[in-house]
Amino acid sequence: MRLLSRYVGLLLAVTLARAGQPLRAQVTPAVRPIADHHVHLQSRADWELFNAQLPFVTLPNDLDRVLREFERGWQAADNKIALSEVFAEDGILQWGDDWIQGRPAIRMMLVGRAGGLRMRPQAFETDERLGYIAGAYGFYRDTTWVDQGRYVLTVRRAKDAPWQITVARLGNTTPPRPPDRDPFSAGDLIAQLDSAGMRRGVALSNAYMYGAAYRRIENEVARVRAENDWVAEQVARYPSRLVGFCSFNPLKEYALEELDRCMRDPRMTGVKMHFTTSFVDLRNRAHVDRLRAIFRSANARRYPIIVHMRTMNPAYGRADAEIFLRDVLAEAPDVPVQIAHLAGWGGYDDATDQALSVFAEAIASGDRRTANLYFDLAAIASPGLPAATTQLIVRRIRQIGIGRMLFAVDGVESPGKAWETFHLLPLDSAEFRAIAGNLAPYLR
């Protein structure tokens, strides 16, 4: 019976191929990639950074009065009239999955209800008439804070009048439980690779997150160094299977110093930069000059580079790739440069295709700046992609060349599952085998 089903499957595949239909794997592919070229390790310190709350702040007296009246009114069952008076006449209170509007309705819904609500402010802003307060709410069990959720109060006032709440929203949350170990260490990565039948892994540091443009981190430089050192220690446990890439925000004053420090660490193989998180704008000349200095320094020491090239610029596309090719990539002619996500940030949209087309054209024309250029395929394929999109992806892959394509996962799925998902692209079996066998030069 098994032999018959294999024969029927083969016959169907041949029939589809002759009809010009793309073949799609319906079973686990037998060929397995040699390496995952894009994996982020995560330390406990990194987990705490991702799950950190904003620090608590002190409110001006007039705003603090609003918050404390709301808090006192919520705590006392017989104080709901006072609570409703904190609201504007047309104020709105979130109640479960709905809204209650107006003081009478708010008073009616809250009467008889009591709870030990405490409100701790984390951010606020006001002008002459309007403002907001945002923070955490919960209660104390003895001396331990029990976090229940987040709130946002929007407020307004007439001239010379006190602030009143116009909208109060309280959202429940279940705070994540701190791990008792590093959430994703080298040992975890090795276990994943083993389960997928893969031999090598490229472990990327998340140190650039400490320099994210939207965060304010105390002792930032020390924490960037500590995270890079942790990744170096992790990959050193499996030197025949893993390589490590340090990272940082390339726009920071300490970027070149940290690059030099990493290049002197024999446990590290290269550097990873994440333009989105670092708020790099390739159309900003000062940003480009900083990138050029980093690429130039890495090239001088033959230090491989991985770059998440897509930026936050909503107009990202062809112009950005042209700048990167002309002004940045040209500074590193002698080292492998790996562009993540086919020049996007996962998935595949028109902006990604515009950027990728620049490199496809440059490679086709024999542009020497692309001699050591590679692309990883992390998070490109996914169920539900339109057929026209999958065909466009494959056309670009073939334009650029199968030999420049590096299989990668980026933690979206397990490596084995990601390889199955990748087979949703209408490549042929020889192309899948070639990509599975590709290794970046720094892994050879």
Side-chain angles (χ1 to χ4, degrees), residues 47-178 209 212-218:
W47 183 94
E48 290 169 358
L49 174 69
F50 273 97
N51 291 279
Q53 290 188 19
L54 290 173
F56 297 117
V57 298
T58 301
L59 297 176
N61 289 338
D62 53 353
L63 280 183
D64 188 67
R65 176 196 63 81
V66 174
L67 196 62
R68 297 311 151 210
E69 288 186 12
F70 189 103
E71 186 180 75
R72 284 193 296 271
W74 198 277
Q75 289 172 349
D78 59 354
N79 201 25
K80 301 311 180 188
I81 293 176
L83 173 57
S84 66
E85 295 298 322
V86 182
F87 282 82
E89 190 66 44
D90 59 348
I92 297 176
L93 169 68
Q94 181 187 22
W95 189 259
D97 295 329
D98 210 344
W99 299 97
I100 307 166
Q101 185 166 24
R103 286 178 182 167
I106 293 171
R107 186 181 305 127
M108 181 183 69
M109 289 298 293
L110 296 181
V111 69
R113 300 178 185 272
L117 183 68
R118 297 291 300 273
M119 306 181 76
R120 304 167 77 178
Q122 295 172 290
F124 71 93
E125 187 172 345
T126 62
D127 59 19
E128 292 288 329
R129 294 186 58 252
L130 302 173
Y132 74 85
I133 310 168
Y137 71 89
F139 62 93
Y140 282 98
R141 183 179 289 130
D142 296 324
T143 58
T144 302
W145 172 258
V146 179
D147 193 356
Q148 290 183 296
R150 303 292 174 267
Y151 69 84
V152 177
L153 307 180
T154 60
V155 294
R156 73 170 180 237
R157 66 179 174 186
K159 187 175 181 180
D160 299 325
W163 290 105
Q164 292 182 311
I165 299 170
T166 53
V167 179
R169 181 179 183 184
L170 284 76
N172 294 333
T173 185
T174 303
R177 184 175 179 178
M209 294 298 297
Y214 52 85
R215 281 197 172 101
R216 296 173 187 170
I217 302 292
E218 292 185 6

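Counting begins at 1 with the first residue of the sequence.
Atoms CG and OG1, on Asp64 and Thr58 in that order, are 8.5 Å from each other to the nearest 0.5 Å. Taking CD of Gln122 as the start and OH of Tyr151 as the end, the distance is 7.0 Å to the nearest 0.5 Å. Atoms CD1 and CD1, from Ile165 and Ile133 in turn, are 7.0 Å apart once rounded to the nearest 0.5 Å. Considering CZ of Arg169 and CZ of Arg150, their distance stands at 13.0 Å, rounded to 0.5 Å. Rounded to the nearest 0.5 Å, atoms CZ (Arg157) and CG (Asp62) are 5.5 Å apart.
In plain terms, the two heavy atoms of Phe70 and Ala168 that are nearest each other are CE1-CB, 4.0 Å. Across all non-hydrogen atoms, the minimal contact from Gly138 to Gln148 is CA-OE1, 3.4 Å. Gly91 approaches Ile106 most closely through the heavy-atom pair O-CD1, 3.9 Å. Nearest approach of Leu67 to Pro121, heavy atoms of both residues: CD2-CD, 3.9 Å. Closest non-hydrogen pair, Phe124 versus Val57, comes out as CD2-CG2, 4.1 Å.
At a threshold of 4.5 Å between non-hydrogen side-chain atoms, the residues Glu85 and Glu69 do not count as touching. Looking at Val66 and Val86, their side chains come closer than 4.5 Å, going by heavy atoms from C-beta outward.
Between Asp90 and Arg156 there is a salt bridge, since at least one side-chain N of the basic residue sits less than 4.0 Å from a carboxylate O of the acidic one.
Applying the side chain to side chain donor-acceptor pair (under 3.5 Å) test to pairs two or more places apart or on separate chains, those with a residue in residues 123-139 are Tyr137-Asn172.
Taking the side-chain hydrogen bond (donor to acceptor under 3.5 Å, both in side chains) definition, one finds that Glu89 meets it with Arg103, sequence neighbours left out.
A donor-acceptor pair under 3.5 Å is absent between the side-chain atoms of Arg65 and the main chain of Pro60, judged by distance alone.
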